[in-house]
Amino acid sequence: MKAFGKILGLVLLGLLLIIVAAGFALTHLFDPNDYKDEIRQIARDKAHIELTLNGDIGWSLFPWLGLELHEASVATLINPTEPYADLQMLGLSVRVLPLLRREVQMSDVRVEGLNLRLKRDKNGHGNWEDIGKVPTAAAPAGSPAPASAATVEAPAQAEKPPQPIRLDIDSLTVNNARVEYNDELTGKQFSAESIQLSTGPVHDSTNIPVKATAFLGTNQPVLRVRTELTGELRIERALQRYRFEDMKLSGELAGDPLQGKTMTFAAQGQLSLDKAANVAEWTGIKISANQLRALGELKANDLDKTPQITGGISIAQFDLAKFVDSIGQKLPAMAEGSLSKVELVSRVAATPTSIAFDNINLKLDDSSFSGRIAVEDFAKQSLRAILKADTFNADRYLPPKSAQANSATQVRQAEVASTEADAMAGAGSTPLPDKPSKTAWSTERLLPVERLAKLDVDADLTFGQLTLDKLPIQNAALKATGQGGLLTLTNLSGELYNGGFAANGTLDVRPSAPVLNLQTKLNRVPVEKILESQGKNPPVKGLVTLTSNVTGSGNSQQALIDTLNGNASFVINNGVLLNANLEQQLCKGIATLNRKTLSGEPRGKDTPFQELKGNLTFRNGIASNPDLKVRIPGMTVNGDGDIDLRVLGMDYRVGIIVEGDTSAMPDPACQVGEKFVGIEWPLRCRGPLELGAKACRVDNDRLGQVATKLAGDKLSEKIDEKLGDKVSPELKNALKGLFKR
C-alpha cells in the first residue's frame with residue numbers, strides 16, 4: 001500500500017509537472033501577437049465588431065489565465081474607420097480550475113486610458129446602435145434579396161436559464177477614463193473626464209468598497225462639475241437586490257448659469273434596489289448646496305411600469321436670497337431682508353410627469369403656510385395650490401415702482417400741491433383751479449403676457465391677515481384659475497377696516513391687447529383709510545359702499561384707464577368733507593346777493609355730511625356722474641359732472657339748497673332769511689380729484705340767475721301788495737310771469 005501511494009504521488013506530481021511545463025511552453029513558445037489577424041477576424045465573425053490591436057498582447061495560462069491588451073480600439077463593422085472606444089491597457093487574469101466549476105475568480109482588473117465616444121448624427125442615429133450589426137452587402141442586379149438575419153437564423157431552442165456565475169474579483173481599477181456624447185442634431189455635448197474608479201474585493205452578498213471621481217461637463221449651457229463618490233456596494237444577484245450603503249457624493253458646480261460663482265454640493269444616504277419587487281429607496285438623505293441643508297427619505301414603487309415616488313423632505317431654515325445670489329442668480333427686486341428666513345417640511349409624491357408637496361409646513365420670513373402645492377403636468381406646467389397662511393405681507397415681495405412711475409408721481413404731486421396751496425390760501429375766493437394735465441398712470445408694461453398665456457393654474461389661498469398695497473386685509477381669500485390664456489378670478493374677498501370687500505372677474509391675454517373684466521363690491525369701508533394707505537391726502541372721510549362692473553384693455557396702467565368702460569354706484573355715510581366749508585361758500589353767495597362784504601376771516605372748517613351718493617358711467621376713462629347728492633344738516637347738495645380718470649381730474653356743477661335752517665350765521669353779511677330757503681345756490685368744482693371740495697368756488701355765472709329769481713320773487717310780492725284783490729288772479733299771475741322772465 002505504501003508503495004502504491006508512493007507511485008500515485010509520483011504520477012500526480014508528474015502530471016502536474018507536465019501541465020506546468022505545457023503552460024510554460026505555451027506561454028513562451030506560443031506568441032498571440034503572431035495571430036492578431038486571426039483574432040481580428042474572430043471579432044468580426046463572432047462579435048461583429050472591428051477590433052484594432054496596435055499594441056502587444058501579453059498572456060499567461062496557468063494557474064491564471066491572464067491577458068493584457070495594449071493600444072486597442074473597437075469600431076462597428078458599418079463604420080470601421082471611426083472607433084467608438086479605445087484604451088491604452090486592459091489587464092485581467094482568471095483562475096483556470098474554478099472556470100470548470102462555472103466560477104470566475106479574477107485577480108486585479110485594471111483599465112487604463114479608456115476613451116468611449118458616443119455620437120448621434122443629424123438624422124438622430126447613434127453610433128452605438130450599430131454595435132453587433134453586419135453591413136448589408138451590395139447584391140448583383142437581378143439576384144434575389146438576401147435573407148434577413150431573422151430568416152437565416154433558425155428559431156432558438158428553449159433552454160434552461162443558465163445558473164448564475166459566481167463572481168470573485170480581487171479589485172477593479174479604472175484610471176484616466178473618458179466618456180463623451182455628441183448630438184449633432186441639437187449641438188449638445190456631454191463629457192465625463194479623468195474618471196478614476198477603484199474597488200475592494202468584489203464578491204456576491206458582501207460589501208464592496210467603492211471610490212470614484214470624475215469631471216463632468218456640458219456645452220448647452222456650459223457647465224463643469226467635479227464629483228467624488230464613495231460608499232459600499234452590496235450585490236445579491238440571486239435575490240436581485242442591490243444596495244449602496246453609506247453613499248457620499250460631493251463636488252463643485254460652475255459654469256455660465258452661475259455667472260462666475262461656484263456651488264458646493266453634497267449628498268449622502270442609503271440606496272437600495274429590489275428588482276424582484278420593483279422597489280427602490282433612498283433613506284437617511286442628507287443634502288447640502290451652499291447654505292441649503294435638507295433631510296429626507298424617498299421610495300419608488302412600480303419601477304417596471306410608471307414609477308411612483310413617495311417620501312418626505314425637511315429643509316432647515318436658510319437665507320434664500322443669499323443662496324440665490326451665491327449661485328449667480330437674481331431675484332426680482334423686493335424689500336431688504338425678504339426671503340432671509342425660509343424653512344420647509346413636506347410630504348412628497350411624484351411621477352415622471354408630476355410632483356406634489358402635501359402637508360406643507362412652510363415658514364417664509366414672518367409668515368407660516370400650510371396646505372398643498374402640486375405640478376400635475378410638467379409639460380403643461382399645471383400648477384395647483386391650496387394654501388392657508390396666518391399672516392402675509394405681500395408688499396415686501398412686490399417690486400418697487402419704476403423710475404418712470406416715480407417721476408410721473410412726483411410731477412403730479414407737485415402739480416396737486418401747488419393747486420391745493422392756492423385753494424387753501426384763497427379759501428374759495430381764488431379762481432377755479434385748472435384741470436390737471438399730467439397723466440396719473442404708468443405706460444410701462446404691466447403683465448408678463450407670454451408667461452400668463454402658458455399658465456395652467458388653480459389656486460385657493462386664504463390668509464388670516466394679508467397686507468396688499470399697504471391695505472391690512474383680515475380673513476382674506478383668493479380663488480383663481482388660469483388656462484389657455486384666460487385667467488378667472490373666482491373670488492377675492494376680505495375684511496378691511498371693519499368693512500368688507502369682494503371682487504371677481506377675468507383677464508384674457510389671448511388678444512393682442514389683454515382684456516380685463518372686473519366686478520367689485522365694497523361694504524362700509526373707510527374711504528380715507530384707503531387713500532391714506534396710498535400716500536394721498538384724503539379729501540373726504542366716511543364709510544363707502546360701492547358696486548362696480550368695468551372693463552378695460554391694454555398692457556399698461558394708462559392703456560387700461562384709457563379704455564375703461566362700465567358703471568358703478570356708490571354711497572358714503574357719516575362722512576366729512578375735509579378742509580372744505582360749504583357753509584362758507586354758501587355764505588359768500590348770500591353776501592354777494594345782499595350786496596355786503598363778509599367781515600369774518602375764512603375759517604376753513606370741515607363740512608360733515610350724512611350721506612354722499614351717486615352713479616358713475618365710465619366711457620374711455622371718463623366717469624360721468626349726473627346724480628351726485630350730498631345730505632348735510634340744514635341743506636342738500638346736488639351735483640352733475642365728470643371725473644377724468646386719465647389725469648384724476650374733476651369738473652362738477654353743484655347746487656346747494658338751504659332746507660329751512662334760518663338761524664343767523666356768524667357773519668352779519670350772511671343772514672339766511674325766509675327768502676333764501678329752497679334756493680339752489682350754485683358752485684363750480686374743478687381741479688385735481690384729490691382736492692375734493694377744496695376745488696369748489698361760487699359759480700358767479702349761475703349766481704346771476706339766482707339773483708334774477710330772487711328779484712322776480714320780490715317784485716311778485718309787491719304786485720300782490722299793491723293790487724291785492726282789485727284784479728283777477730289770472731292777470732296777477734301774468735304780470736308776475738312777465739317780470740320773472
Could you tell me whether the side chains of [X] and [Y] share a donor-acceptor contact shorter than 3.5 Å?
| X | Y | answer |
| --- | --- | --- |
| Thr506 | Thr488 | no |
| Asn517 | Gln519 | yes |
| Ser569 | Thr547 | yes |
| Gln308 | Asp302 | no |
| Asp183 | Tyr181 | yes |
| Gln465 | Gln474 | yes |
| Ser382 | Asp456 | yes |

Discussion item. Listing request: all ring pair (Phe, Tyr, Trp, His ring centres under 6.0 Å) pairs with a residue in residues 534-561, at least two apart in sequence or in separate chains.
Written reply: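 Qualifying pairs: none.
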Discussion item. Using side-chain heavy atoms (C-beta onward) and a distance below 4.5 Å, is Lys261 in contact with Asp325?
Written reply: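 They are in contact (side-chain heavy atoms under 4.5 Å apart), so the answer is yes.
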Fill in: Residue pairs fulfilling salt bridge (charged side-chain N to carboxylate O under 4.0 Å, His left out) with at least one residue in residues 496-512, sequence neighbours excluded
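Residue pairs with at least one partner in residues 496-512: Asp508-Arg510.
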Item to complete: Could you note down all residue pairs passing salt bridge (charged side-chain N to carboxylate O under 4.0 Å, His left out) where residues 212-226 supplies at least one of them, sequence neighbours left out?
Response: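 Residue pairs with at least one partner in residues 212-226: Glu193-Arg224.
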Discussion item. Checking side chain to side chain contact (heavy atoms under 4.5 Å, CB included) between Phe369 and each of Asn361, Leu364, Leu344, which is the one that passes?
Written reply: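 In the set Asn361, Leu364, Leu344, the residue that makes a side chain to side chain contact (heavy atoms under 4.5 Å, CB included) with Phe369 is Leu364.
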Item to complete: Could you check Thr520 against Leu546 for side chain to side chain contact (heavy atoms under 4.5 Å, CB included), going step by step and ending with a plain yes or no?
Response: CA-CA 8 Å; Thr520 58; Leu546 173 131; 3.9 Å; yes
Worksheet item: Applying the side-chain hydrogen bond (donor to acceptor under 3.5 Å, both in side chains) test to Arg372, which of Asn359, Asp358, Asp460 qualifies?
Response: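 Of all the options given, the one that passes is Asp358.
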